[in-house]
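Heads up, the thing below is written out as structure tokens.
Scope of the values below: all heavy atoms of this structure, side chains included, with no hydrogens, waters or symmetry mates. Everything numeric in this text was worked out from a predicted model, so none of it was measured. So you know, we letter chains A, B, ... as the sequences are listed, proteins then strands, and number each from 1.
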Number of protein chains: 2
Amino acid sequence: MEAYPTSAAYTPCQKCPLRRLKTFREFEAEELAFIGHFKRGELSIGKGETVLTEGVDSVHLYTVLAGWAFRYKLLPDGRRQILNYAMPGDLIGLQGSLTGEMQHSVEALSPMVLCVFERERLLDLYRNHPGLAFDITWIASREEQILDENLLSVGRRSAVERTAYLLSFIGSRARSVGLNGEVPLLIPITQQHIADTLGLSLVHTNKTIRKLADRGLITWRGGGCQIRDLDGLLAAARWEGLSETVRPLV
Amino acid sequence: MEAYPTSAAYTPCQKCPLRRLKTFREFEAEELAFIGHFKRGELSIGKGETVLTEGVDSVHLYTVLAGWAFRYKLLPDGRRQILNYAMPGDLIGLQGSLTGEMQHSVEALSPMVLCVFERERLLDLYRNHPGLAFDITWIASREEQILDENLLSVGRRSAVERTAYLLSFIGSRARSVGLNGEVPLLIPITQQHIADTLGLSLVHTNKTIRKLADRGLITWRGGGCQIRDLDGLLAAARWEGLSETVRPLV
DNA sequence: CGCACTTTTGAGACACGTCAAAACGTGTGG
DNA sequence: CCACACGTTTTGACGTGTCTCAAAAGTGCG
């Protein structure tokens, strides 16, 4: 089991290890101070636990400090659609903070540590730090772009293309936040998660994954997936890959 | 042909007919003045014309004053995925204003009139009007919610459910912005648009639409679709319908 | 009045779904 | 340290929803 920070070891924003990554833009001291003030604490949760629940009016929003999660929606009869994944540096629960009650749920894929923010203070942020407010909008807009691409995938790509797209997408994102501890990185998801992300059945997902594995693009092993040939996956997905943009970390 | 405002008849924000709708929140005089200042002009374009193009770095963003449009992405081989529709009161091109170049294209479904804003001034808005800045984020977040639901549809609903969902969704939105000129409202799309929104083939879309029409839920006539039984559609979609929230109009 | 775009229909193919059961892994408790 | 139990992955057989191809019938516009 990988060692995750615990809530005992509180991480001050100024010393947040994520900020050292080159994907994240430099923040001014004043901005950092404000965010430090905005942060109410840390929350550790276990694999499989629920972070946010659809229909509930959440008072908090979170930034992932460590671990993986996924956002999803359910149909009344239980069919599940996974909308996106969250990993270190990602903001969770913004929708609820704006609109009121959550329109989706979030569940941990691994043990996680979350920075906790209070919805109430979001207004302060908008009033006193236009730059950060702009960042929040930027983040919402990025999520939208991701969803656009997902929709394109599920709507118009074949099963092989979809799967290649999803795995290369997640792999690229993970790489950008330095999740290279084990090389190659192990993505902690089951084939059922992939099926529910791509709108496929579990059985067909399994057969599709096998094709990719036979081509040497990935390896599936207990507890998740490893990417062996990112360029091969990108080609199989007909996708040009993630653009390298510097982004904000709130 | 319906009468659309022309660019000759410039609409001052204070007298914008859309603001009279109860869906939109009341704006303060000062906010209205700022938006009036933010607005650079109006643009009229014809049916089938392109508003924004993927890959291009647009200097403007727009609010729809009249007419319909759709957002879409293309795969290299031409497969198209429609992501969402835009109608009066909707903001277009925010993504490009934040991230840089557009990640999707927008095309008019009917003649349109657009309010034109300059990207540059968006920063002023964030600096001087936190309330409006919050509104912009709110709008981005709403778009995200719509995409979530679309993804759920395309990924997990059957062809009949998907189609019922899409039509009831568009119909509800249109109703909320008072598009009742012709009762019942004519939604100006082709079956190809529906197919490309739902990830279905044209032929199968046609057969699915026929089923809904045979059940008396909708009527298809030259130039678009009319909704005859919204509740019936909602039930067929297994969808609880659009929540009635007051929203901002920028 | 004719061209171009839509909608409709039919037939046949296949990608993907469902059902069912076996094989595999892994953490737990005895 | 073994053995059971549960979650996950794999396999096979078979059904079907949706796709593709192709062509006809409408519809609207210049």
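Distance, B/K211 NZ to C/dT9 P: 13 Å, rounded to whole Å. The distance between atom NE2 of A/H204 and atom C1' of D/dC14, rounded to the nearest whole Å, is 14 Å. Atom C1' of nucleotide D/dT10 and atom CD1 of A/I194 are separated by 15 Å, given to the nearest angstrom. With rounding to whole Å, B/L202 atom CG is found 13 Å from D/dC21 atom P. Put simply, CZ on B/R162 is 10 Å from C1' on D/dG17, counting in whole angstrom units. For the pair A/L212 CG and D/dT10 C1', the interatomic distance rounds to 16 Å; values are reported in whole Å. Atom-to-atom, CD1 of B/I209 to P of D/dT18 comes out at 14 Å; the value is rounded to the nearest Å. Taking atom CG on B/N206 and atom C1' on C/dC5, their separation rounds to 15 Å, with Å as the unit.
Map B/W220 and A/V160 each onto its nearest nucleotide of DNA chain C; the residue landing nearer the 5' end is B/W220. Map B/A159 and A/I189 each onto its nearest nucleotide of DNA chain D; the residue landing nearer the 5' end is A/I189. The residue among B/R156 and B/Q192 whose nearest nucleotide of DNA chain C is located toward the 5' end is B/Q192.
Checking D/dT18, D/dT10, C/dC19 against every side-chain atom of B/L200, the shortest atom distance belongs to D/dT18. Comparing C/dT9, C/dC16, D/dT20 by their closest approach to the side chain of B/R210 singles out C/dT9. Ranking D/dT9, C/dT7, D/dG12 by closeness to the B/Q191 side chain, first place goes to C/dT7. Each of D/dG12, D/dC21, D/dT9 was ranked by its minimum atom distance to the side chain of A/K207; first place goes to D/dG12.
Residue A/T190 is classed as a sugar-phosphate contact, given heavy-atom separations below 4.0 Å to backbone atoms only. Within the nucleic acid shown, B/G199 comes within 4.0 Å of sugar-phosphate atoms alone, with no base atom in reach, counting heavy atoms only.
Electrostatic pairing of B/E107 and B/K47 does not count as a salt bridge here, judged by no charged N lying under 4.0 Å from a carboxylate O.
Counting heavy atoms of neighbouring residues, nucleotides and ligands inside a 6.0 Å radius, atom CZ of A/R80 exceeds 12 of them. Counted within 6.0 Å of CZ on A/R175, heavy atoms from surrounding residues, nucleotides or ligands total 12 or fewer; the atom is thus considered open.
Checked by atom type, the side-chain pair A/D148/B/Q103 shows no donor-acceptor distance below 3.5 Å. There is a side-chain donor-acceptor pair under 3.5 Å between B/R228 and B/T219.
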